[in-house]
Participant: 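The structure follows.
Index from 1, following the sequence. Remember, predicted model here, so these are calculated numbers, not experimental data. Counting starts at 1 for both ligands and their atoms, in listed order.
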Amino acid sequence: MNTIEKYKKYVNTAFVKAVEPVVVTKAKGAQVWGEDGKAYTDLFAGISVVNAGHCNSEVIAAAKAQMDQLVHCCTYVYHVPAAADLAEKLAQVTPGRLQKTFFGNGGAEANEGAMRLAKQFTKRQEFVSLQGSFHGRSLATLSITGNCGRKRGGGPYLTGCSYHPAAYCYRCPYDKAYPSCDLYCARDLERTLQFETADNVAAFIAEPVMGEGGIVTPPPGYFEAIKQVLDHHGILLFVDEVQSGFGRTGKLFAIQHWDVEPDILTMAKGIADGFPLSGFIAREEIADAFRPGDHLSTFGGNPVSCAAALANIAYFEKEKLCDQSAAKGQVLMGALKDLQKRQPLIGDVRGLGLMIGVELVRDAKKTPATEEAAKVKNLMRERGFLLGVGGTWGNVLRIQPPLIIGQADLLKAVDALEECLASL
Ligand SMILES: Cc1ncc(COP(=O)(O)O)c(C=O)c1O
């Protein structure tokens, strides 16, 4: 049996429409190779993970060196230097007074743990998150996920979760337009708190730029206006940077595009350039709300993953990857906006840095072009470009490549996209 046949027979993939018909045997930088030798330019980075490039030599060298010393002994039973060093570094590079990190393995685990911490600290039990959001596949993180497409058949979910309309300007839920809206969607959080909650809200949870929801990018001033409401009610600002973190948007963390200090920040995906690791970081007094027995993870803070993450962050600093993301993103955004003028199927182009969404619509009523988006993804793959598709209606092309990708490759991708759209 070949790999695809074994997948069909032995790997549970019933939860995805289809696994891409590429057997990936090798990847380097922004290139992925299939077993047939075909090379692809990777515009999706393993769902926004290998931000410093596939198999980054400096990250791999650090992981290999760590493997020769220690692979596992449990980071919460013993003191492990790589975990201590990484936690110190994260306290330095995250915004504001965020200081103490709990390490886990994946994004859902980070969010779930951080929800527990928010409850312990505030002694409140409710959460408000955003409509269209995605926070993971565990019960608690699905409970705060604001999209029935991810939740169908999995309930009952946690009580005490409310969903506030997101700043999805292209499809403004209030039928307003920025800036004349004066950030109504942020100020209207007051009404959600008043009418949708029991006034017992521990945290407001948001992806600063929504990933799975279709690269929904709030306008300037949004989080400042949200924070005003939160401060008025003593509610924590909990930012889920699992997808938007680690340079994806042109800053190390996307919330740094707004002038606010988060109380809790969760991270995963890009933290260790492909090694499984996640974390949530909080101010000291919040982190210290945990009591013995409240939390732990056997594999969390794995030394190899921590060593990889440290080398990853060092590489970010040496190569100024955030600046690279911002600069390349600006050029790509310009090229895509030009393409939008020639291609009526493109309804909106949005994002920050190299976290860009191209929303496809069929008509002036903005009917989601879901099938067309799936076709474009396949046509792009045939032309040697891998990209993602997301959004509530599956009609948003997601361009989230490794940040080290060459500018020329990005522009070639735009040319290929134009050909694909024209061929529909
Ligand atoms: C914003 C956000 N939060 C949480 C998760 C869940 O992360 P994981 O799949 O590592 O559990 C994801 C995954 O896509 C995500 O995009």
Side-chain angles (χ1 to χ4, degrees), residues 12-13 15-16 44-51 102-118 127-147 149-151 154 157 161 163 166-168 203-218 223 237-249 252-255 257 262 264-281 297 299-302 305 308-309 351-357 387-392 394 396 398-400:
N12 189 343
T13 58
F15 49 83
V16 281
F44 204 28
I47 320 190
S48 199
V49 169
V50 288
N51 296 358
F102 176 88
F103 293 112
N105 304 282
E109 190 188 341
N111 284 334
E112 178 116 14
M115 288 171 73
R116 174 86 186 261
L117 179 64
F127 295 98
V128 176
S129 52
L130 290 172
Q131 293 176 5
S133 62
F134 177 69
H135 296 290
R137 302 284 186 173
S138 64
L139 189 70
T141 55
L142 276 175
S143 299
I144 53 164
T145 287
N147 181 357
R150 301 277 197 259
K151 299 166 81 164
Y157 291 102
C161 299
Y163 315 93
Y168 193 166
F204 170 79
I205 305 175
E207 300 159 75
V209 176
M210 224 180 250
E212 303 302 302
I215 321 293
V216 174
T217 315
F223 279 103
L237 174 60
F238 170 152
V239 288
D240 176 348
E241 293 262 14
V242 166
Q243 187 159 154
S244 56
F246 290 93
R248 179 53 52 204
T249 67
L252 197 58
F253 295 99
I255 196 65
H257 289 280
I264 301 179
L265 182 152
T266 58
M267 56 197 127
K269 290 191 188 280
I271 187 172
D273 203 39
F275 287 86
L277 184 70
S278 69
F280 55 91
I281 185 164
S297 162
F299 288 121
N302 171 267
S305 294
L352 288 168
L354 283 174
M355 185 168 188
I356 294 184
L387 50 73
V389 166
T392 300
V396 181
R398 291 164 61 189
I399 306 181
Q400 300 172 264

Participant: Calculate, to the nearest 0.5 Å, the distance between atoms CD1 and CD belonging to I47 and E212 respectively.
Facilitator: 6.0 Å
Participant: Any heavy-atom pair between the side chains of M115 and H135 that's under 4.5 Å?
Facilitator: no
Participant: Run the ring-ring contact (aromatic ring centres under 6.0 Å, His included) test on F253 and F246 for me, step by step, so that the C-alpha distance in whole Å, both residues' side-chain angles and the decisive distance to 0.1 Å come before the verdict.
Facilitator: CA-CA 6 Å; F253 295 99; F246 290 93; 5.2 Å; yes
Participant: Could you tell me whether the side chain of I255 reaches within less than 4.5 Å of the side chain of F223, counting heavy atoms only?
Facilitator: yes
Participant: Side chains of I144 and S133: closer than 4.5 Å at any heavy-atom pair?
Facilitator: no
Participant: Which value, rounded to the nearest 0.5 Å, describes the distance between I356 atom CD1 and T249 atom OG1?
Facilitator: 11.0 Å
Participant: Quick one: ligand 1 N/O to protein N/O pairs below 3.5 Å?
Facilitator:
unit_1   : atom_1 : unit_2 : atom_2 : d
ligand 1 : 3 (N)  : D240   : OD1    : 3.3
ligand 1 : 3 (N)  : D240   : OD2    : 2.8
ligand 1 : 10 (O) : G107   : N      : 2.8
ligand 1 : 11 (O) : G107   : N      : 3.3
ligand 1 : 11 (O) : A108   : N      : 2.8
ligand 1 : 14 (O) : K269   : NZ     : 3.1
ligand 1 : 16 (O) : Q243   : NE2    : 2.7

